[in-house]
Amino acid sequence: MARVTLFSRIALAASAALIIGTAAYAQTSPPAPAPAAPQFPPTATITTPGYPGVGPADAKLRVVGLPSGKKVHLLPATLETTQWGWFDNAQAPVLRVNSGDTIVMETMMHSHNQVVPGTTIEQIKKTRTDFPGRGPHTLTGPIYIEGAQPGDVLKVRLNKIVPRAYATNFNVPGMFGQFPATYQDGQVKYLYLDLENMQTEFLPGIVLPLRPFPGTLGVARKEPGRYSSVPPGEYAGNMDIRDFVAGTTLYVPVHVPGALLWSGDSHAGQGNGEVNLTAIETSSKKLNIKLEVVKGKPLDFPRIETPKSWITMGFDADMNKAWAQAKAQTVKFLSEQRGVSAEQAEKLMASVSDCRVSQVVNVKKGIHCLNPKNARDKEDMERPTKETSKYYVSHVKDADLNKAMNDASMGMIKWLESEKKIARLDAYGLASVAMDCRVEVVSDTEKTVHCLMPKSIWVASTGKR
């Protein structure tokens with residue numbers, strides 16, 4: 001499909017959405033586009049005769065009352081409320097809310113909704129090569145939270161997530177991912193999401209559970225300028241932590257007035273590792289969140305609270321440094337939580353904290369550690385070195401955590417090819433969406449990555465969709 005056809009389709013869809021909706025929004029003072037990655041498309045326009053032109057949205061029309069008496073903000077994903085592939089702390093907010101408010105927002109598929117069933121891998125690659133320096137993610141926002149100031153913490157509670165009925169997984173040929181040199185050929189798969197049973201069939205007889213989460217949710221960086229949406233950091237962003245599901249809460253440091261919150265890169269599921277670049281990539285029809293500003297309890301790095309655990313994390317292009325940061329954050333947390341010294345917390349971490357590879361494809365690789373809320377508990381510390389009743393296993397020990405992850409994950413991919421007779425690109429994709437890579441570090445010279453593949457995903461194919 002020619003690029004002009006894709007872009008026309010986007011503009012028409014956006015125009016239709018604006019006509020149906022009660023109001024349209026236009027950025028009143030958009031930032032000047034970066035030469036390497038200009039904003040595209042610049043706007044949507046209603047061209048039907050008799051309709052008024054696009055103008056600033058009426059903020060009152062984005063707030064609706066509920067039967068309970070509470071109010072909720074509605075934030076649709078349109079070309080005016082999203083950015084493709086970048087964050088900028090000078091971006092005009094598309095919504096302003098108060099601490100304690102609830103927002104129900106939408107997100108788009110990648111590249112302003114261009115990656116949808118029917119789009120080829122060649123077209124997907126072109127959205128990256130034609131716009132260097134920009135990420136693939138479409139980000140809804142930013143949302144300005146009144147009263148949020150640098151030094152505060154923004155608390156983001158995920159109440160409910162409802163994805164679209166389809167998703168995609170792809171590797172861009174010769175670009176990105178953990179093994180771009182090995183996979184010079186690319187592939188895109190489109191998947192039907194069975195939201196009634198919360199599962200999807202990745203391949204005949206291979207059914208994956210769905211656990212929707214926002215791959216990207218973060219606040220503005222403190223540095224001025226336009227930055228790619230790909231790397232995560234102290235502002236959270238593209239964390240790709242699969243445990244960040246409905247019922248969990250992100251705590252992230254605020255760096256600029258209003259915090260400025262974005263979300264996108266919606267996932268219906270993901271492996272711990274995400275090796276081929278993508279998860280089960282979808283968009284959210286409903287991302288229901290509650291925002292609160294926390295004063296007087298500063299954080300230097302994001303944390304996630306689940307019903308049972310606190311998640312600490314680290315990011316760096318070098319996985320050894322990502323591990324060092326995750327370890328430092330975990331030791332700090334355990335020391336605070338249990339009132340022990342850093343030395344005691346480090347010893348405790350080895351026996352209670354479950355550390356896993358979040359992803360290895362976002363420029364900065366990620367490691368996150370689950371830490372029990374109950375001081376008498378410990379997390380899942382299973383680190384098998386051979387097949388168990390629940391898992392197929394590939395593991396590698398090395399002083400370099402990067403090499404251990406590369407070899408362990410490739411070992412699982414090759415095993416899927418040879419033992420399960422899965423085609424090479426399908427094996428690469430299956431590892432990205434289902435493999436669970438866990439970290440075990442005994443010393444500076446002994447680091448092990450255990451990549452597990454759950455046996456439960458192999459089921460008898462029913463032929464149902």
Side-chain angles (χ1 to χ4, degrees), residues 1-7 9-10 13 40 84-85 107-132 134-138 163-194 199-208 210 212 215-216 229-230 238 240 242 264-271 273-284 359-362 409 413 416-417 420 422-435 457 465:
M1 182 182 296
R3 192 192 324 166
V4 66
T5 305
L6 284 170
F7 293 169
R9 184 177 64 189
I10 298 166
F40 177 82
W84 170 9
T107 64
M108 285 188 187
M109 297 291 284
H110 287 334
S111 306
H112 267 150
N113 246 9
Q114 293 187 80
V115 182
V116 294
T119 307
T120 67
I121 190 60
E122 291 78 14
Q123 291 168 334
I124 292 172
K125 181 176 181 179
K126 195 169 177 59
T127 65
R128 302 303 304 276
T129 57
D130 281 8
F131 301 96
R134 132 188 311 181
H137 318 109
T138 308
R164 283 189 185 180
Y166 61 83
T168 184
N169 175 263
F170 58 85
N171 70 290
V172 180
M175 300 175 68
F176 317 117
Q178 190 177 11
F179 304 111
T182 303
Y183 296 94
Q184 293 290 324
D185 46 343
Q187 172 177 277
V188 59
K189 296 175 69 71
Y190 293 100
L191 307 171
Y192 166 64
L193 303 183
D194 180 351
Q199 63 185 27
T200 187
E201 188 174 65
F202 188 82
L203 290 168
I206 299 179
V207 176
L208 308 177
L210 301 181
T216 298
S229 63
V230 174
N238 191 22
D240 281 338
R242 73 175 188 177
D265 187 29
S266 306
H267 294 169
Q270 181 192 290
E274 199 191 18
V275 292
N276 86 334
L277 177 67
T278 54
I280 304 176
E281 308 282 332
T282 186
S283 60
S284 292
Q359 52 74 30
V360 290
V361 296
N362 295 341
S409 55
I413 294 167
L416 291 170
E417 293 179 37
K420 290 295 187 179
I422 297 177
R424 56 191 294 277
L425 291 177
D426 284 337
Y428 194 25
L430 181 59
S432 195
V433 298
M435 184 170 63
I457 65 175
R465 293 293 188 271

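Bear in mind the structure is a predicted one, so any value in this text is a computation, not a measurement.
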Are any side-chain N or O atoms of Tyr183 and backbone N or O atoms of Gly177, one a donor and one an acceptor, separated by less than 3.5 Å? no
Just by distance, do the side chain of Gln199 and the backbone of Leu193 share a donor-acceptor pair under 3.5 Å? no
Notebook entry, point to check: Is there side-chain contact between Ile121 and Asp185, with at least one heavy-atom pair below 4.5 Å?
Noted result: no
d(Phe131 CZ, Lys126 NZ) to nearest 0.5 Å is 8.5 Å
Check your understanding: Got Val433 and Leu208 here, is their nearest side-chain heavy-atom distance under 4.5 Å?
Key -> yes
Original post:
Does the side chain of Gln187 come under 3.5 Å of the side chain of Asn276 through a donor N or O and an acceptor N or O?
Top reply: no
Arg424 side chain vs Glu417 backbone, donor-acceptor pair below 3.5 Å: no
Self-check item: Distance-only side-chain donor-acceptor flag, Ser409 / Gln178, under 3.5 Å
Solution: yes
4.5 Å side-chain heavy-atom contact, Tyr190 and Val188: yes
query: Taking C-beta and beyond as the side chain, do Gln184 and Pro173 meet within less than 4.5 Å on heavy atoms?
result: no
When rounded to the nearest 0.5 Å, the distance separating OG1 of Thr200 from CG of Leu191 is 4.5 Å
Residues Ala427 and Ile422: closest non-hydrogen pair is N-CG2, 3.5 Å
Residues pairing under salt bridge (charged side-chain N to carboxylate O under 4.0 Å, His left out) where one sits in residues 163-172, two or more places apart or in two chains, turn out to be none
Main-chain N/O of Asn362 paired to Gln359 side chain as donor or acceptor, under 3.5 Å: yes
Value for NZ (Lys125) from CG (Asp130), rounded to nearest 0.5 Å, stands at 11.0 Å
* Hey, does Val361 have a side-chain heavy atom less than 4.5 Å from the side chain of Glu274? -> yes
Discussion item. Just so I know, are the side chains of Phe176 and Arg128 near enough to count as touching, which here means a heavy-atom distance under 4.5 Å?
Written reply: yes
Is there a donor-acceptor pair under 3.5 Å between the side chain of Ser432 and the backbone N or O of Thr278?
yes
message = Between Gln270 and Ile280, is the side-chain contact (heavy atoms from CB on, under 4.5 Å) condition met? List the steps.
response = CA-CA 6 Å; Gln270 181 192 290; Ile280 304 176; over 6 Å; no
Of all heavy-atom pairs linking Ile413 and Ala431, the shortest is CG1-CB, 3.7 Å
Heavy-atom nearest pair, Ser111 first then Thr127, reads OG-OG1, 3.6 Å
Quiz item: Honestly, is Lys189 close enough over Phe202, meaning NZ or CZ under 6.0 Å from the six-membered ring centre and within 45° of the axis?
Solution: yes
- Can Thr216 and His137 be counted as having a side-chain donor-acceptor contact under 3.5 angstrom? no
Just wondering, do Met435 and Val275 contact through their side chains at under 4.5 Å, heavy atoms?
yes
Rounding to 0.5 Å, atoms CD (Glu281) and CG (Asn169) come to a distance of 7.5 Å
Exercise. Assign the ring pair Tyr428 / Phe179 to parallel, tilted or perpendicular, where the plane angle (0 to 90°) is split at 30° and 60°.
Key: tilted
Residues Thr282 and Ser266: side-chain donor-acceptor under 3.5 angstrom:
no
Asp194 vs Glu201, side-chain contact (heavy atoms from CB on, under 4.5 Å): CA-CA, chis, key distance, verdict: CA-CA 9 Å; Asp194 180 351; Glu201 188 174 65; over 6 Å; no
Under 3.5 Å: donor-acceptor pair, side chain of Asn113, backbone of Met109: yes
In this structure, CD of Gln114 is separated from OG1 of Thr119 (nearest 0.5 Å) by 7.5 Å
Separation between NE2 (His267) and CG (Asp265), nearest 0.5 Å, reads 3.5 Å
Side-chain heavy atoms of Pro117 within contact of Thr168, under 4.5 Å
no
